Amino acid sequence: MDMKSIEQKWQKKWEKDKLYSFNRKNADKKFYCLEMFSYPSASKLHLGHWYNYGLTDSYARYKKMKGYEVFEPMGFDAFGLPAENYAIKTGIHPEKSTLSNIATMEKQLKAMGAMFDWNYEIKTCMPDYYKWTQWLFLKLYENGLAYRKEAPVNWCPSCNTVLANEQVQEGHCERCGTQVVKKNLTQWFFRITNYAEELLSGLNNLDWPEKTKAMQRNWIGKSLGGEVVFQAENGDEFKVFTTRADTLFGVSYVVLAPEHPLVKKLVTKDRKAEVNKYIEKTSKTEEIERLSTAREKTGVFIGAYAINPINGKKVPIYCADYVLYSYGTGAVMGVPAHDERDYVFAKKYGLPINVVIRDPSGKTDLPFCDDGTLINSLEFDGMPSEEARKAILNRLSTLSKGQHKINYRLRDWLVSRQRYWGAPIPVIHCEKCGAVPVPYKDLPVLLPKDVEFKPDGESPLKKCASFMNTKCPKCGGKAKRDPDTLDTFVCSSWYYLRYPDNKNEDMPFDPEIINRMLPVDKYVGGPEHACMHLLYARFITKALRDMGYLKFDEPFTSLTHQGIILGPDGNRMSKSKGNVVSPDTYIDTYGSDILRLYLMFGFAYTEGGPWDDNGIKSIAKFADRIERLVEKVKTYKRGKLPEPEITEKELLFSEAYAIKSVDRDMNAFSFNTAVARLMELVTAIYKYDGTENRREEYVVKTVETLITLLAPCAPHFSEELWSVMGNKKSVFLQEYPVCDESALVKQEVEIAVQVNSKMKGKTVVASDADDETVKAAALGIDPVKNAVAGKQIVKAIIVKGRLVNFIVK
RNA sequence: GCCGCUGUGGCGAAACAGGCAGACGCAAGGGACUUAAAAUCCCUCGGUGGAAACACCGUACCGGUUCAAAUCCGGUCAGCGGCACCA
């Protein structure tokens, strides 16, 4: 079969017949199947796209045939750095390259033969989309969820922009790999931390991979503890956060982070020079070296002392860079006997080591960091750690010197970017009125096109006077626009809400429509977004829910991560490694359906693995085998089926088994086994067709079942076969075959026979045979006879239809 | 260091609920058809021993529960991914 021409033929026909158009009227039967939209890149679709989009499309087609009104949209995450960097290199405007890349990708995606309904396409870089991204920003601002503050932020000196915590990987920029430095900047943040608890607890009810949920839990990083108030001699108070209040009697010093404002206030005159030197040094070393956990702990005594509220003891105050200002209270208590870092620190600076927890195993090695029993802790002596944590915090609480406290590792989401190719932040800065949000009626704040975007550490927009200079919406005076653009993750945090109502000019989406269309029923994409996109999207959904726009709590009910197709050498495909495999040659040789089928059959979907084309030929052969069958069978007699004989019963069993298995496997993204079952069905049909008295009606019936089951996996090919069989309507309008359970009931079953739990052989019995009959049959075979000879059967375990196990002595 | 996942033939992988390990394929070997090749069809294919019937071993490793473990429990090792001075 000429795959190329049938692909084109059916794609045209499908488009003409609007076969895959989504009909919102049927939203009560909707199935929202979403693949993470793609970044428009200049290079052609690679195997990964095929694996993600092609196979998920097969899943969507399967759902369609199961009677759902499937919504499978596609769009482009079109803002972002690569287009801008490309522009810097070549001088080609990002809009131009992006739109042309999108055009190319659209063409290729269409050639894949997926069901995408392009009427619902979105491109995040278009004003009709980013207008609503800006709307989202303003709504968050209005509801206290967007705010501006000066803070030490992650700065990538190569990309010349700040990065969110999530975009920093092992201290390096996730985009370009450059070492990230700290910089103090005034930036916009989204208050994702408001939702920390719900983002955490909501995970429990999601049908998501455990791994991804664990990563989010980890990232949110809830820790139960307490705050303890220490008072300096001058009366200033500061809090420390601890999860080990039970060790409070063991405190021998406290530490403030170098950035902590009290450091400068409390430092004594004689220590000032040294402390300042230390602060300066750490702010520099931080930039270079603060990653290594093995790094030696350093710190400096600031000359002042603080009072431990539980026992009134005076302890020295240190300043040390192993305490992070951004976590907890930016201050910790030092308990060298029961914390590894504190132990190392105390040894180095000769601080006392007070043991206050006894190791239940009797050992006296230090530091001892597990729970134990309290000692040297006055009236708390003898308490187990867990109880003591509560008791001590309760005591502090009555003294107003502390309280129970929950801390999260999650930080607010920094969304300002000093880059050009993004959605402008819709805020105007007025000398009189401060930061003023752009009125809704003035949206979108258009991204100017004629801009010098060479990076120099400042936002490119800052140099565009026509953009920057504006009037304050409040007082009408001269004012400047915010020169930054939004993190592209803001664009992608809500796109799934726009798809079903993508042409709405009055609202980002009509809540009436969106509440019927969402949540997404199946979301498919890579696991690399676990702590970024997937977390942000959940946050935005919850925020919009609380503003009254949405009636659901989670955007993505069920999530599947596709595996990654590696290069033949087992490494991730990359141009630099020279191991990139293009799908094109396979499509030219075999056709897109064969490539799709091979990707289904050759890998476990969520695992992926190294590419190896050894088996693709066999898939082509498999298709030929089906084609030959159809060519032969198309003229066969059809119509009412004669009463089935034993051979027909076997055939019907194979058919029912295939239907049941393929149905279950497709639903579970277990494509490899689904294809295996189809292969078995083909073999069974061939076998039946080769029997002497085979009846044509049965062959036709099962071949049609086969084509229907195959259709989601090889859409063009199946459509062609379906029409060769003489059918006028599309196979995708065909109902999915229903398994006839009665055909699965066999007259006879083969059961395994064991003696003392060792396999001895097999025997065939009537499936409704009683236990005695089964035993007798099992004892009839030779290996069993031998094994049982001369021994006494103590017991026989019978699992109906499966096995019998004789226990002998 | 912490969290999560994975570990099954020469290879990709299956095993749905503790019940016949290796479905379905690839590769390999043998055969049929053919002047020959391709295509197609059939057979063998975890290991060891054996001519064979058959026996023993086998799901990373050690141990446990059970009539029965790839599957459940405890421990160890290896690989992958994530987090990492988070107090």
Side-chain angles (χ1 to χ4, degrees), chain A residues 169-171 209-219 221-223 225 240-244 247 254-255 257 290-297 320-324 326-335 338-342 344-345 407-411 527-528 530-531 561 564 598 601-604 606-607 609-619 621-622 624-625 628 660-661 664-665 668 670 672-680 683 686 690 750-762 782-783 786 794-808:
Chain A
Q169 287 176 354
E170 296 185 346
E210 213 37 61
K211 174 188 167 183
T212 309
K213 293 206 262 186
M215 276 166 74
Q216 287 205 357
R217 281 192 195 104
N218 215 307
W219 190 260
K222 181 179 185 174
S223 72
V240 303
F241 175 73
T242 180
T243 55
R244 291 299 303 270
T247 65
V254 290
V255 187
R290 71 168 299 251
L291 296 167
S292 143
T293 33
R295 183 164 154 251
E296 198 181 346
K297 308 253 168 310
D321 68 352
Y322 76 88
V323 175
L324 307 173
S326 52
Y327 181 77
T329 58
V332 304
M333 58 192 214
V335 187
H338 306 295
D339 181 279
E340 264 169 52
R341 288 156 307 186
D342 297 347
V344 174
F345 193 80
N407 242 316
Y408 299 91
R409 257 173 36 95
L410 184 71
R411 314 286 162 78
E528 65 275 14
C531 296
H561 293 312
I564 298 164
Y598 179 59
F601 182 64
F603 304 84
T606 54
E607 300 295 317
W611 174 255
D612 175 1
D613 62 8
N614 264 326
I616 196 164
K617 232 182 228 171
S618 73
I619 292 293
K621 281 184 196 169
F622 168 59
D624 286 345
R625 215 162 123 80
R628 284 197 305 276
K660 190 172 186 159
S661 313
R664 187 191 53 215
D665 292 350
S670 181
N672 52 350
T673 52
V675 176
R677 298 294 88 81
L678 290 172
M679 289 171 167
E680 285 167 357
T683 306
Y686 263 103
E750 190 184 56
I751 62 165
V753 186
Q754 301 178 334
V755 176
N756 282 347
S757 308
K758 287 210 160 190
M759 272 297 298
K760 288 296 164 188
K762 295 166 191 182
D782 288 346
N786 295 340
V794 185
K795 201 172 156 191
I797 293 145
I798 298 171
V799 182
K800 211 168 168 23
R802 283 196 179 265
L803 63 63
V804 52
N805 183 6
F806 295 107
I807 309 303
V808 300

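Since the structure is predicted, the reported quantities are computational estimates derived from the model, not experimental observations.
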B/A39 versus B/G29 - spacing of their P atoms, nearest Å:
15 Å
In terms of heavy-atom contacts, A/Val255 and A/Val323 come closest through CG1-CG2, 3.5 Å
Answer with base, sugar-phosphate or nothing: what part of the nucleic acid does A/Glu340 contact at a heavy-atom distance below 4.0 Å?
nothing
On a whole-Å scale, what distance lies between the C1' atoms belonging to B/G79 and B/C42?
42 Å
OP1 or OP2 of B/A14 less than 4.0 angstrom from a side-chain nitrogen or oxygen of A/Asn672, does that happen here?
yes
Span that lies between the P atom of B/C3 and that of B/A14, in whole angstrom
28 Å
With C1' as the reference atom in both, quote the distance from B/G9 to B/A32 in angstrom, rounded to an integer.
29 Å
With syn defined as a glycosidic angle within 90° of 0 and anti as the rest, where does B/G31 land?
anti
Closest non-hydrogen atom pair, A/Cys531 against A/Met215:
SG-O, 3.6 Å
Reading 5' to 3' through nucleotides 62-72 of chain B, protein heavy-atom contacts under 4.0 Å coded B for base, S for sugar-phosphate only, - for none:
-----BS----
Taking the side chain of A/Met215 as heavy atoms from C-beta outward, which of B/C83, B/G82, B/C16 is closest to it?
B/G82
With heavy atoms under 4.0 Å as the rule, sort A/Lys213 into base, sugar-phosphate or nothing.
nothing
Looking at every strand, decide which applies to A/Gly221 at a 4.0 Å heavy-atom threshold: base, sugar-phosphate, or nothing.
nothing
Looking at B/A87, I'd like to know if its phosphate oxygens (OP1 or OP2) sit under 4.0 Å from a side-chain N or O belonging to A/Tyr322.
no
Given B/C83, B/C20, B/A87, the nucleotide with the shortest approach to the side chain of A/Ser223:
B/A87
How long is the line joining CD of A/Glu528 and P of B/C80, in whole Å?
18 Å
A/Arg677 CZ - B/A14 P separation (whole Å):
11 Å
Using purine N1 to pyrimidine N3 plus N6-O4 or O6-N4 for Watson-Crick, or N1-O2 and O6-N3 for G-U wobble, both under 3.5 Å, which nucleotide pairs with B/A68?
none
Regarding B/C3, can its base be found pairing with the side chain of A/Lys211 as donor and acceptor, where the two atoms are less than 3.5 Å apart?
no
Donor-acceptor pair, side chain of A/Asn407 and main chain of A/Ser223, under 3.5 angstrom
no
Select base, sugar-phosphate, or nothing to describe what A/Lys760 touches, counting heavy atoms under 4.0 Å on all strands.
sugar-phosphate
Can you check whether A/Lys621 has a side-chain N or O nearer than 4.0 Å to OP1 or OP2 of B/C26?
no
Expressed in angstrom and rounded to an integer, what is the separation of A/Phe622 atom CZ from B/G12 atom P?
22 Å
Categorize A/Phe601 for me: base, sugar-phosphate, or nothing, with a 4.0 angstrom heavy-atom threshold over every strand shown.
base
Re B/G74: Watson-Crick or G-U wobble partner, both distances kept under 3.5 Å, found to be B/C62
Counting just side-chain N and O atoms, does A/Arg217 come under 4.0 Å of either OP1 or OP2 of B/G82?
no
Between A/Phe603 and A/Pro610 the two heavy atoms that sit nearest each other are CE2-O, 3.5 Å
Report yes or no: does A/Asp339 contribute a side-chain atom to a donor-acceptor pair with the main-chain N or O of A/Gly334 at less than 3.5 Å?
no
Quote, to the nearest angstrom, the P distance that separates B/A69 from B/A21.
11 Å
G-U wobble or Watson-Crick pairing nucleotide for B/A51 (cut-off 3.5 Å, both distances):
none
For A/Thr606 against A/His561, the heavy-atom pair lying closest together
CG2-O, 3.4 Å
Nearest of B/A14, B/C24, B/C56 to any side-chain atom of A/Lys758?
B/C56
Give the nucleotide from the list B/G19, B/A23, B/G4 with an atom nearest to the side chain of A/Leu803.
B/G19
Locate the shortest heavy-atom distance separating A/Phe345 from A/Ala320; write the atom from each residue and the value.
CE1-CB, 4.0 Å
Between CG of A/Asn786 and P of B/A53 the distance, given in whole Å, is 14 Å
Rounded to whole angstrom, note down the P distance from B/A23 over to B/G47.
13 Å
Spacing between A/His561 atom NE2 and B/U6 atom P, to the nearest angstrom
14 Å
Closest of B/A13, B/C41, B/C83 to the A/Arg625 side chain is B/C41
The nucleotide from B/C16, B/C85, B/A55 with an atom nearest the side chain of A/Arg664 is B/C16
Rounded C1' spacing from B/G22 to B/C11 in Å:
13 Å
Checking contacts here: which listed nucleotide (B/C83, B/G4, B/C20) is nearest the side-chain heavy atoms of A/Trp219?
B/C83
Which nucleotide, if any, forms a Watson-Crick or G-U wobble pair with B/G18, using both distances under 3.5 Å?
none
